[in-house]
Amino acid sequence: ADTVACLARACAADGRPLDGLSLLRDAARRGSPPSRAAAGDIIAAFAADGNFAKVSDTLHFMIAAGCPPDTGVYQGIIYHLFAQGLGGEALRIFREIKLRGYDIDRVLYTTVINGLCKIHRIDDAQQVWDEMVDKGIEPNDYAYCSLVHYYSKAGDFKKARNLYDEMLGKGFKASTISYNILITGHCVHGAVDGAFGLLDEMMTEGIEPDVITYNILIQGLCKVGKLDKAMQMYKQLLSSGLEPTVSTFTPLIDAMCEKGQVDGAVDLIESMQAKGLEPLVRSNDSVINGFCKISRSDEGMAWLAGMLKSNIKPREQTFNALVESLSTSGRLDDALLVLSIMFKVGFELS
RNA sequence: AGGAAUCGACUGU
């Protein structure tokens with residue numbers, strides 16, 4: 001029976017929950033009840049795939065086999081429902097298991113609080129928080145961070161900071177993640193000075209920024225047009241030994257193309273590829289738009305050819321910009337060629 | 001025991 005459970009969990013981990021479920025069903029038919037852990041893993045795998053019909057099948061199977069799901073199983077389902085924009089269904093299940101007498105633990109409460117924050121239902125989140133506290137469960141750093149994240153993103157830095165300090169007052173330690181949350185809020189609202197103040201603060205406390213910290217700062221700087229400073233942060237990221245990610249480059253490429261520094265953007269794309277990172281489609285669109293903007297539409301067209309060769313489809317507005325740029329620079333034949341490609345991929349001239 | 005928090009990705013403007 002342990003072997004069945006082990007194999008079934010391996011199937012779930014490998015993204016083959018259907019195979020895992022058949023194993024458990026066969027075993028149950030031969031008289032051995034499924035393990036909760038294995039069934040739980042299978043349910044989580046179905047939920048991660050958005051296959052909630054199979055989640056429901058597996059739940060019914062567990063109940064019928066005399067092995068009803070525990071709160072951990074429901075936590076996984078609720079988490080994935082929120083993640084896939086099905087918060088209403090998540091809340092319905094949350095209410096239902098409470099009615100059925102399940103004892104809700106801290107992780108499940110926190111999952112619901114976080115899910116509600118993400119869909120901007122802060123009042124409901126607060127209500128669940130209060131319910132948790134009434135039950136004698138103290139919010140931990142995860143729960144605080146969910147609320148801090150909400151207020152931070154909403155631009156209510158005061159409230160975010162108050163909650164953050166309350167968290168510290170309860171003995172939870174500041175971390176790279178908690179600082180990243182505060183820094184994000186400032187960057188989203190263009191308050192880059194505040195963001196850098198927080199960066200100083202964290203480093204003074206001996207908390208090291210990670211690649212996400214840099215990504216947030218770079219994005220914030222690009223947003224307010226401080227491209228030089230953003231590039232400086234990119235270099236600092238490299239010299240501190242961290243590995244950049246796609247999200248490190250995306251705002252830099254965008255901002256450079258926007259400012260007409262298309263050669264710099266192309267260099268960045270080449271550095272990405274040298275590191276094995278593929279730029280987003282959107283970055284390719286930016287390059288073409290950038291070339292058009294600085295009247296180098298021939299290079300924009302060459303970039304388009306490269307995209308098509310790699311089976312990447314530019315946006316409709318990119319085609320339009322290119323057609324316009326080619327025609328104003330007198331390259332009518334090229335403009336018509338691009339136009340024909342545009343129609344072939346199903347786009348219209350604006 | 002495991003399962004919950006940060007940039008990003010996807011979709012729209």
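Per chain, numbering begins at 1; letters A, B, ... match sequence-line order.
- Checked against the 6.0 Å centroid threshold, Y179(A) and Y164(A) count as a close aromatic pair.
- With rounding to whole Å, F82(A) atom CZ is found 12 Å from A4(B) atom C1'.
- Looking at D105(A), its side chain comes within 3.5 Å of the base of G3(B) through a donor and an acceptor atom.
- For the pair K118(A) and Y150(A), the NZ or CZ position fails the cation-pi test of under 6.0 Å to the six-membered ring centre and within 45 degrees of the ring normal.
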Protein within reach of the bases, or only the backbone? For nucleotides 5-13 of chain B, mark each nucleotide 5' to 3' as B, S or -, using heavy atoms under 4.0 Å.
BBBSS----

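- Note: H189(A) and F157(A) have perpendicular aromatic rings, judged against thresholds of 30 and 60 degrees for the angle between ring planes.
- Aromatic ring centroids of F46(A) and F52(A) lie 6.0 Å or more apart.
- A tilted orientation is assigned to the rings of F291(A) and W303(A), their planes being inclined by 30° to 60°.
- The CG-P distance, from N140(A) to G3(B), rounds to 14 Å in whole Å.
- Counting non-hydrogen atoms under 4.0 angstrom, G72(A) reaches a base of the nucleic acid.
- A cation-pi contact links K229(A) to F196(A), judged by a cut-off of 6.0 Å to the six-membered ring centre and 45° from its axis.
- If you take CD of Q75(A) and C1' of G2(B), they are 10 Å apart, rounded to a whole angstrom.
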